[in-house]
Structure formats: structure tokens, C-alpha cells
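Report on the structure given below.
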Amino acid sequence: MGDSLYRELIMDHSKHPRNKGTLDPHDYSYQDVNPLCGDEIRIDVRVQDDVVSDIKFSGRGCAISQAAASMLTEMVLGQPVAEVKTLAKEDLLEELGVPIGPARMKCALLGLKVLKAGLYGVAPADDSL
Ligand code: FES
């Protein structure tokens, strides 16, 4: 896919986010802010047989943060929790498909950070994502 198709995909996810909302009850839930802008994302996860059986995200943020969180939920739905825990930032950045500059990196990775914090019960350091 060329850059423009990836950009369209990001716009589509930011305008029509997949798996947006909250889950009650849930097995895991965490929320955190992007310290650079104060935008916040929450992710709720349900697990069945060690697999992510449902996932929703909520909160607000820029197009990149919302699209990345939306794509992330699609990536991990139906995946074993053990694999989701080892998801690397490179996996998500590859899914986004366009170069993310340093100024937007925290936006792109906020959802992944929140998801891992929920699964591990503690927020990961940025350089350990
Ligand atoms: Fe706030 Fe991107 S500017 S999450």
C-alpha cells in the first residue's frame, strides 16, 4: 500500500473508530494520559480462555491517537493474552503504515501503553513498549 492509502486508512479509523466504548464488566481496564497534551485513553478488555474476547477503547485525542487505538483493538481482538502482552511498538507502527515523527510518537503509542498497563497491572516505561 502506498502512503496515501495508509493515510486514508488512518482517517477512516479516526472518523469511524472500531471497538469504541466501554465494557462493564471487564477483566482488565486502564486509562492514562498523553503527558504532552493531556489527552486520555481508556481500554477495557474481556478475556475468555486466555484470549481477548472483547475490547473497547474510549477517551479523546488527535486523529493519530484515535486511529492507532482503533487499529490496536482490531489487531488484538481474538488474540491470546500472552501474545498481546509481547506486542511491540513496531508492530503497531507498521500497521499505521506511515512514518510517525517524534512529536506524534506518544499519540501513536498511547493506546498500546494503556493496553499493556491494563494487562500487566502497571504502566510500562515508554522505552519498553
Ligand atoms: Fe493528544 Fe495526540 S495530540 S493524543
Side-chain angles (χ1 to χ4, degrees):
M1 264 201 303
D3 257 26
S4 64
L5 275 177
Y6 278 114
R7 280 176 211 287
E8 266 177 44
L9 191 63
I10 288 173
M11 285 317 293
D12 184 57
H13 273 269
S14 80
K15 283 188 188 147
H16 311 285
R18 324 301 197 259
N19 303 306
K20 189 99 195 249
T22 56
L23 292 174
D24 192 18
H26 48 250
D27 297 294
Y28 300 96
S29 180
Y30 198 82
Q31 63 183 50
D32 205 353
V33 295
N34 179 344
L36 297 182
C37 62
D39 289 336
E40 189 171 62
I41 284 183
R42 165 180 160 171
I43 295 184
D44 297 344
V45 178
R46 275 190 197 141
V47 173
Q48 201 170 1
D49 299 328
D50 298 322
V51 163
V52 174
S53 59
D54 206 350
I55 181 167
K56 297 260 191 253
F57 82 98
S58 54
R60 64 191 162 82
C62 61
I64 290 284
S65 77
Q66 298 296 293
S70 171
M71 287 180 180
L72 177 66
T73 62
E74 287 199 321
M75 286 170 77
V76 304
L77 186 60
Q79 296 300 313
V81 172
E83 275 182 33
V84 174
K85 279 178 156 182
T86 63
L87 201 65
K89 64 181 173 190
E90 289 77 15
D91 299 325
L92 180 58
L93 294 175
E94 191 178 319
E95 195 76 10
L96 282 167
V98 291
I100 305 290
R104 283 307 173 102
M105 196 53 83
K106 281 194 192 299
C107 305
L109 298 179
L110 180 59
L112 181 61
K113 188 174 180 182
V114 168
L115 175 62
K116 284 199 172 184
L119 297 180
Y120 280 106
V122 58
D126 281 357
D127 57 5
S128 73
L129 277 174

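These values consider heavy atoms only, across backbone and side chains, with no hydrogens, waters or symmetry-generated copies. For ligands, and for the atoms within them, numbers begin at 1 and follow the listed sequence.
For atom 1 (Fe) of ligand 1, the set of protein N/O/S atoms nearer than 2.8 Å consists of Cys37 SG, Asp39 OD2, ordered by chain and number.
Note on Lys89 versus Asp91: no salt bridge recorded, every NZ/NE/NH1/NH2 to OD/OE distance being 4.0 Å or above.
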List the steps and the verdict of side-chain hydrogen bond (donor to acceptor under 3.5 Å, both in side chains) for Ser29 and Asp44. CA-CA 4 Å; Ser29 180; Asp44 297 344; 2.6 Å; yes
Only pairs under 3.5 Å count here: list side-chain donor-acceptor contacts from residues 45-55, not counting sequence neighbours, and write none if there are none.
| from | atom 1 | to | atom 2 | distance (Å) |
| --- | --- | --- | --- | --- |
| Arg46 | NE | Pro25 | O | 2.8 |
| Arg46 | NH2 | Pro25 | O | 3.1 |
| Ser53 | OG | Arg46 | O | 3.2 |

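No continuous path of hydrophobic side-chain contacts links Leu23 to Val84 [ILVMFWY only; heavy atoms under 4.5 Å].
Side-chain atoms of Tyr120 come within 3.5 Å of backbone atoms of Lys85 as a donor-acceptor pair (strictly under, hydrogens ignored).
Taking 4.5 Å as the limit, some side-chain heavy atom of Glu74 sits within range of a side-chain heavy atom of His13.
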